[in-house]
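Below is one structure; the comments refer to it alone.
Sequence lines set the chain letters: A, B, ... in the order given, protein chains first and strands last, and positions in each chain run from 1. If you're wondering where the values come from, they're calculated on a predicted model, not measured in any experiment.
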There are 2 protein chains.
Amino acid sequence: MTAHGDDVRDGEAKAASTAESRSSESEGVSIPEPQDRARSIPEAAVARLAVYLRVLSGLHEREVHTVSSEELAVAAGVNSAKLRKDLSYIGSYGTRGVGYEVAVLIGQIERTLGLTQQNRVAVIGIGNLGHALANYGGFPSRGFPVAALFDLDPDLMGVPVGGIPVDHVDDIPRVCAERDVTIGAIATPAKGAQDVCDRLVKAGVRCILNFAPVVLQVPEEVEVRKVDLAVEMQILSFHVARRSQETPDSTDSEHAATGAPQSENRDVNTGISPVDGMVVRP
Amino acid sequence: MTAHGDDVRDGEAKAASTAESRSSESEGVSIPEPQDRARSIPEAAVARLAVYLRVLSGLHEREVHTVSSEELAVAAGVNSAKLRKDLSYIGSYGTRGVGYEVAVLIGQIERTLGLTQQNRVAVIGIGNLGHALANYGGFPSRGFPVAALFDLDPDLMGVPVGGIPVDHVDDIPRVCAERDVTIGAIATPAKGAQDVCDRLVKAGVRCILNFAPVVLQVPEEVEVRKVDLAVEMQILSFHVARRSQETPDSTDSEHAATGAPQSENRDVNTGISPVDGMVVRP
DNA sequence: ATATGTGAAACTGTTCACAGCC
DNA sequence: GGCTGTGAACAGTTTCACATAT
């Protein structure tokens, strides 16, 4: 996430936004400058919209037609004020005194997230993770069909995984162009990641989901999001360490068993909940 | 990242840290209070420290003994001011006019992240993702040995995956306690995730990495981090959509081929780079 | 000379609290 | 009465810029 991510935006390469805000040279208290237009939606809010969408889909399936911000917030693991503010970024689709119509909200969030048009995905690196991704049969609740698989291993060429035959990474440009791939998921080891990334970019792919432990260098028009297992583990480690030195030791666990919904789970980018992970085993 | 980064930290349930900082009741300008120690470190900075650590490890292997904040920052994909501030949270281990000693920094970051003591990991849900995790042979660059595997499937019981035999989820409390598991990685489908989570909590596990698309409800002393594939995809989708409507269309891709290191990759929680993903295929 | 460490400014994101509409 | 939508206060994070140390 995140140069937009959650912590979002890096400092560099953000010439665009910087430039536009340099309109008035005046000193003192600067007036907000309203010309900022509507396209803003904070990155963090975008991530949460995806979560709300999942919850709403669940409600829709259960024939629930209306929800209040409070109900939806609890289900999504955020507080209601934040949820309302997030929804306000995409428009006013609620009814005061009543709540939101599930179907309407689903439609509006899907539209905002661009889910009305499909994004074909290419998975590169057909190992364990690649398999998991390929078998995911259209990522979230459909909308992201896996259209191409690539690897280096000669033994895998042509072998169908999740119904799609594996191609050689050398064919990335051709195959991606042919199948109109818009998102590339790099699930290779660190070593080949940058090379694969370059090929994807050359093929016109402008959105990449990177699972490899490297900092990909890409032209600025390419959006890269990274999922880093090690970082997650180390963050948890930090909390383990902090906890054990901070607490004089009052707990020995055994009191907090089953249903005690208190603290929130922090998602990598939402600070909260989920939407659709990876199907692994029924 | 993400958050994650990110936006990290929720507002609720943060009583602990609040309470501890209430030591001096004095008003006015509060003196830094040296006893403030390490506990402050912004979440966002913690995530990035893990990234710096990876880069530093690489430098260490290549026999590089010293780095400037600028060099390290470029390699990690952040700007140098942010990097220096991040490092300042853990202490002053640089030399003005010179830079940082790689070995020293590695040691300090490891200490801060609690990597000096091992965290044994249990993986629940031995499907594709579970396999990937189990075979990861100690997550990042070691430090997170996988000590237990669980699943529901009778056919898997006792079968060794990555050298560790699979146990039944019913045995989570016993096995986790026996093997002193401190981190649980939930790689099950959405359905069983909350149940598995409850068992882990009952077993005394207080840190959970959740790959299942559900909002886990846990007691507040339990830390949950979530990796959500669908959210990542949908965020990318949002950017695809935004891009194509925002740009009057000046690009047709073909100009930004290989080596053009410009924009940064946003990690789910660092806003930047990587540390160690998942080994998939050599 | 050069590069760190850090207050202070700027910015982004979150929460409060209430006006406005049902 | 209940609930949305949102300005304003607040909190967290990033960037600036420079004093400080080698």
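- Under 4.0 angstrom from either OP1 or OP2 of dT6(C) there lies no side-chain N or O belonging to Lys85(B).
- Atom P of nucleotide dT6(C) and atom OH of Tyr89(B) are separated by 11 Å, given to the nearest angstrom.
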One pair to check against side-chain contact (heavy atoms from CB on, under 4.5 Å): Val231(B) and Gln234(B). What are the steps and the verdict? CA-CA 5 Å; Val231(B) 167; Gln234(B) 294 182 358; 5.7 Å; no

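- Comparing dG13(C), dT14(D), dC16(C) by their nearest atom to the side chain of Ala44(A) picks out dG13(C).
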Got a list of protein N/O to nucleotides 1-5 of chain C N/O distances below 3.5 Å?
from	atom 1	to	atom 2	distance (Å)
dA3(C)	O4'	Gly97(B)	N	3.1
dT4(C)	OP1	Ser69(B)	N	2.4
dT4(C)	OP1	Ser69(B)	OG	3.4
dT4(C)	OP2	Ser69(B)	OG	2.5
dT4(C)	O2	Arg96(B)	NH1	3.1
dG5(C)	OP1	Tyr93(B)	N	3.4
dG5(C)	OP1	Gly94(B)	N	2.9
dG5(C)	OP2	Tyr100(B)	OH	2.7
dG5(C)	O4'	Arg96(B)	NH2	3.1
dG5(C)	N7	Arg84(B)	NE	2.9
dG5(C)	O6	Arg84(B)	NH2	3.0

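- Looking at Ser237(A), its side chain does come within 3.5 Å of a backbone N or O of Leu113(B) through a donor-acceptor pair.
- Judged purely by atom type and a 3.5 angstrom limit, Thr112(B) uses its side chain to pair as donor or acceptor with the backbone of Gln108(B).
- Spacing between atom CZ of Arg48(B) and atom C1' of dG12(D) amounts to 11 Å, rounded to whole angstrom units.
- With hydrogens and angles left out, the side-chain atoms of Glu70(A) and Ser80(A) include a donor and acceptor closer than 3.5 Å.
- One atom, CG of Asn79(B), and another, C1' of dC16(D), lie 10 Å apart when rounded to the nearest Å.
- Of the N and O atoms on the side chains of Arg84(A) and Ser69(A), at least one donor lies less than 3.5 Å from an acceptor on the other residue.
- At whole-Å resolution of the value, CG in Leu83(B) and C1' in dT13(D) are 15 Å apart.
- Minimum atom distance to the side chain of Pro42(A) is reached by dG13(C), of the listed dG7(D), dG13(C), dT14(D).
- Counting to the nearest Å, the C1' atom of dT4(D) and the CG atom of Leu72(A) are 13 Å from each other.
- Between the C1' atom of dG13(C) and the CG atom of Asp86(A) lies a distance of 10 Å, rounded to the nearest Å.
- dT14(D) atom P lies 14 Å from atom CD1 of Ile41(B), rounded to whole Å.
- Rounded to whole Å, the distance from CD on Glu43(A) to P on dT14(C) is 12 Å.
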Applying side-chain contact (heavy atoms from CB on, under 4.5 Å), run through Leu83(B) and Arg48(B) and close with a yes or a no. CA-CA 8 Å; Leu83(B) 181 136; Arg48(B) 286 189 299 265; over 6 Å; no

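- Checked by atom type and distance alone, the side chain of Asn210(A) pairs as donor or acceptor with a backbone atom of Val214(A) at under 3.5 Å.
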